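In what follows, a single structure is set out as C-alpha cells and then discussed.
Chain letters run A, B, ... following the sequence lines, proteins first and then strands; every chain starts at 1. Keep in mind it's a predicted model, so treat the numbers as computed, not measured.
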Number of protein chains: 4
Amino acid sequence: MAEGRRGALRSETARVSILRATASQFAERGWEHLSIEGIAAEAEVGKQTIYRWWRSKAALVAECLLEGLLLPEAFLPADTGDVRADLTAWIEAILRFADDPRSAALFRSLIAAAAEDEDVGVRLRDALGASSALAARLDAARSDGELAPGVSIAVVGEALVGAIILRVIVREAAPPELPRQLVDVVLGRGG
Amino acid sequence: MAEGRRGALRSETARVSILRATASQFAERGWEHLSIEGIAAEAEVGKQTIYRWWRSKAALVAECLLEGLLLPEAFLPADTGDVRADLTAWIEAILRFADDPRSAALFRSLIAAAAEDEDVGVRLRDALGASSALAARLDAARSDGELAPGVSIAVVGEALVGAIILRVIVREAAPPELPRQLVDVVLGRGG
Amino acid sequence: MAEGRRGALRSETARVSILRATASQFAERGWEHLSIEGIAAEAEVGKQTIYRWWRSKAALVAECLLEGLLLPEAFLPADTGDVRADLTAWIEAILRFADDPRSAALFRSLIAAAAEDEDVGVRLRDALGASSALAARLDAARSDGELAPGVSIAVVGEALVGAIILRVIVREAAPPELPRQLVDVVLGRGG
Amino acid sequence: MAEGRRGALRSETARVSILRATASQFAERGWEHLSIEGIAAEAEVGKQTIYRWWRSKAALVAECLLEGLLLPEAFLPADTGDVRADLTAWIEAILRFADDPRSAALFRSLIAAAAEDEDVGVRLRDALGASSALAARLDAARSDGELAPGVSIAVVGEALVGAIILRVIVREAAPPELPRQLVDVVLGRGG
DNA sequence: CACTAAACGAGACGGTACGTCGAGTCTTCAA
DNA sequence: TTGAAGACTCGACGTACCGTCTCGTTTAGTG
C-alpha cells in the first residue's frame, strides 16, 4: 500500500494552465514558433515544471488535442440513415471550419506537428473522426446495403480525410460542390 | 533592352551548391532541424548569399523540390491502357518509397514544410504528380470509358494523394493490398 | 617620356567626396562606428575606389586631419609678447572647443583613432600645434627670458597638450581657472 | 527584510573566467579587435551570460581595470621624503612599462577604450594613480614645503599623466632624461 | 580612330561578429 | 518533494561590414 509518498503532489492548476497556454500559443503563433518559454510565461509556470511532465512540445500539443483544446468539436458524422448526406455534411463541417483563415492556419500547424511527431499524428486522425466514429458510420452504411461489399471501410475514411488534409496543405479553397464530389468518388456515382 | 545592369552577376556555382546542401541537410536533419547556418556551412557559402536570394528556408526547400533534388523521381503514372493497373503501380511506387524509414522521414518533413509554407505545398503536390500527370492519365481513362463520367478527375487525384499522405503522417505501414483497395475505392469495385 | 602611363587618371572628384564623407561620418558616428561601407555610400563611390587609394580607415582619417576637415582650425598660439597670456588663451581656445558635446565626442574619437594608428597620432599632435607652432612660441618666450633656461620646450608642450587630452578622455569639465593653473604649473608660479 | 530573491545566484566562476578571458583577449588582440564572441569562447561561457551582466565590452574592460587584471601594478609613487626623486621614479616605472612593445600596445588600447567609454577613462586615470595616491604624495610634498603653494596639485598630476599618455599615443620613445625633465617642468627647475 | 588599360559605379562573394531568442539543464528558495 | 524563478551553456537567428572579386562603363593615352 502506498510506499510513503512525500512532498507536494502534482499541481492540477499548473497542469491545466500549461495546457491552456499551449493551446493559446499554438493558435496564436503556430507550430513552428511555439516555444516552451512562451508557454511557461503565459502559464506563469517555471520551465522545469513543463519539462518534468512532458518530454517535448509535441507531447504538449498531443495532450491538448486529446483534451479537445485545439479542435473545437470532434467532427462526428451524424447517422440520419442517408450515408451520402451524412458524409457530405461531415465533410462540409470540416471544410467550413478550415475556411476561416485562422482555423486553416491552426489546421496546417496541426498537420506540421503531426508530420513531425507520431503521437500528434494519431491524435489528429482520431480527432477528425477518421477512425472510430467514421468507421462506425460506414459500417452502418454497409449493413444497410448502401456500400459496396468489397471496399475497405478504413480505406474510404483515409481517402476522405486525406483529401481534406491535402486541400488544407495546399491552401486551395474548396468549391461548394467538393463534399458531394468526394462522396461520389469514394461511394461511386450512384445514388 | 539592356536596362543598365551593373555589378557582378549572380554566381551559379553558389546557387547550385546551396541547393545541394539544402537537400542534403534536409534529408539528414529534417525540416525542423534544418538551419540556414548548416546549409551555408555545407555549401561553403556566406549566410548573406542565401538571404540575398531566398527569403526563408521554405523557399530553399521549394526550389529544391522544383529542381527534383528531394524526391528521387517525379512519380509519374504509366499508361498501359489498364487504369487500375497503372494507378495501382503508381501508388505502389510511392508507398515503396515511403517504406524506407529514411524516405518516410523525408516525406514527413516535406509534409511539415508544406503545411507551413504555401509554395512548398504546391510544389509537393506537383512533384507527386497529383496535378498534371495523374490528371492526364485519368483523363485518358475517362476517354476509354473506364471511368464513370460524373466523377471529378481532380478529386480522384486528391483522394489518392491525400490517402497516401495521411498514411505517411500517421506512420502506419501500408499493407500490400492497400494500393488495390485505394483504386477500388476511387474507381468503384468493378473490374 | 615617363614610363608610358595609360588609362583614366585618379578622379579628384571621387577623392574629395570620399574625404568629405569620411569627415561627415566620423563626426556623426565616431571612430568605432565609422565604416568604409557608410563612407562609400555617402560619397556615392564604389568601395574599391576607397581601397585603391587608402589602406585603412585610419589612413582616411589621417588624411582628413591633414586637410583640416576634422579640426576646424589649427589651434595656433598667438604671440603678444606675454607668454602666460598667450598660452592661457591657447588652452582656453582648445577647451572651449572641447566644451561642446559634439566637439568633445569628435575629440575623443580622434584620440581613439590616434591610439590605434600611428599616423593619426602624429597628425593629431601636429593639428594641436604641439610640435611646431607651440614650440616656436615657447622658444620665443625663452629668448625673451620668460622661460627658465633649463626646462625642455618640447616637454612643456607635451605636458600642456597631454593635460588637455586627459581632461577630454575622462570627460571632466574644465573649470575656468584651469588654463591659468596649467600655465602656472609648467611655467612656475611666478609672474 | 529578505526581499524574496528566487532562482540560481550569479555564478562567481563565470564572472571570474569572463574577466580573465577579457584581459587575455584584450592584451592579445587589442581594443579594436576585442570581441564578445572571442571572450565567451575563451571563458567557455555562453554569450548571454556576458550580456546579462555587462552592457558592453567597454564595461568588461572597465571592470578588468578595477580588478587590476590589465595593468600589472597600481603604479603608486613612493614617499622617501624626496618629491623629485619619488616622482621621477614613478614616471620611470610607467615609461619602463610602456617601453615594451606589447605593453605599449596594451596601453594604447586602453587609451582608445578610455576615449570611447567614460568609465574606462575614469578607471584608467585611477589605475595610473593620478587621483588619490599621486595627489597624496604631492600633498605631502607641499606640507614639506617642497611645492610652491599656489599650484594646483590635481593639475600637476594631470600634466604628468597627460604627458605620458601623449608619448604613448604618438609612439615616441621616451629619452632617459624625460622623467627628470617632466619633474622639472611641473615642479620648477629648482632642486 | 581604333585599341588598350586604368579607374570608376555597382554589387555579389566568403567571412566574422553582432546582439537576441529559445532550448534544455541546473540551482536556489518558499510552500 | 514540488514548483516559481532564474542563471547557465549552447546553437541558431537575421543583420552589418569586412576586404576581395567580378561586371559593364567611362576616360585617357598609344599605335
**Prompt:** When you check the phosphate oxygens OP1 and OP2 of dA31(E), does a side-chain N or O of Arg6(D) lie under 4.0 Å from one of them?
**Reply:** no

**Complete:** With sequence neighbours left out, the residues meeting salt bridge (Lys or Arg N to Asp or Glu O under 4.0 Å) with Glu28(B) are none

**Request:** Tell me which nucleotide among dA17(E), dC18(F), dA12(F) gets nearest to the side chain of Ser35(B).
**Result:** dA12(F)

**Message:** Which is more 5' along DNA chain F, the nucleotide nearest Ile36(C) or the one nearest Ile36(B)? Just name the residue.
**Reply:** Ile36(B)

**Message:** Checking Tyr51(C) against Ile36(C) for the side-chain contact (heavy atoms from CB on, under 4.5 Å) test, could you report, in this order, the C-alpha distance in whole Å, the side-chain angles of both residues, the deciding distance, and whether it holds?
**Reply:** CA-CA 9 Å; Tyr51(C) 285 109; Ile36(C) 299 279; 3.8 Å; yes

**Message:** Rounded to whole Å, please give me the gap between CG in Leu60(A) and P in dA23(E).
**Reply:** 11 Å

**Request:** Starting from C1' on dC13(F), measure out to CD on Glu37(D) and report it in whole angstrom.
**Result:** 12 Å

**Prompt:** Hey, mind stepping through Leu110(D) and Phe26(D) against side-chain contact (heavy atoms from CB on, under 4.5 Å) and telling me if it holds?
**Reply:** CA-CA 9 Å; Leu110(D) 273 174; Phe26(D) 187 85; 3.9 Å; yes

**Asked** Any side-chain heavy atom of Arg108(B) within less than 4.5 Å of one from Arg171(B)?
**Response** yes

**Request:** For Ile39(A) and dA23(E), give me the distance from atom CD1 to atom C1', rounded to whole Å.
**Result:** 12 Å

**Request:** Specify the closest pair of heavy atoms between Ser17(A) and Val45(A), including all atoms of both residues, with the distance to one decimal.
**Result:** OG-CG2, 4.4 Å

**Complete:** Ranking Gly7(C) and His33(D) by the position along DNA chain E of their nearest nucleotide, the one closer to 5' is Gly7(C)

**Message:** Quick one, Thr22(A) and Leu70(A) - any side-chain contact, counting heavy atoms below 4.5 Å?
**Reply:** no

**Message:** Tell me which residues in residues 42-53 of chain C lie within less than 4.0 Å of DNA chain F, going by non-hydrogen atoms.
**Reply:** Lys47(C), Gln48(C), Tyr51(C)

**Request:** Determine whether more than 12 heavy atoms belonging to other residues, nucleotides or ligands lie under 6.0 Å from atom CD of Glu44(D).
**Result:** no

**Request:** Mark yes or no for whether Ser109(C), through its side chain, and Gly30(C), through its backbone, hold a donor-acceptor pair below 3.5 Å.
**Result:** no

**Asked** When the distance from CD of Glu32(B) to P of dG11(F) is rounded to whole Å, what number comes out?
**Response** 17 Å

**Fill in**
Nearest-nucleotide check on DNA chain E, Arg55(A) vs Gly38(D); residue mapping nearer the 5' end is Gly38(D)

**Identified salt bridge (charged side-chain N to carboxylate O under 4.0 Å, His left out) counterpart of Glu63(B) within the set Arg123(B), Arg15(B), Arg20(B), Arg55(B)** = Arg15(B)

**Asked** Going by number, which of residues 9-24 of chain D have a non-hydrogen atom under 4.0 Å from DNA chain E?
**Response** none

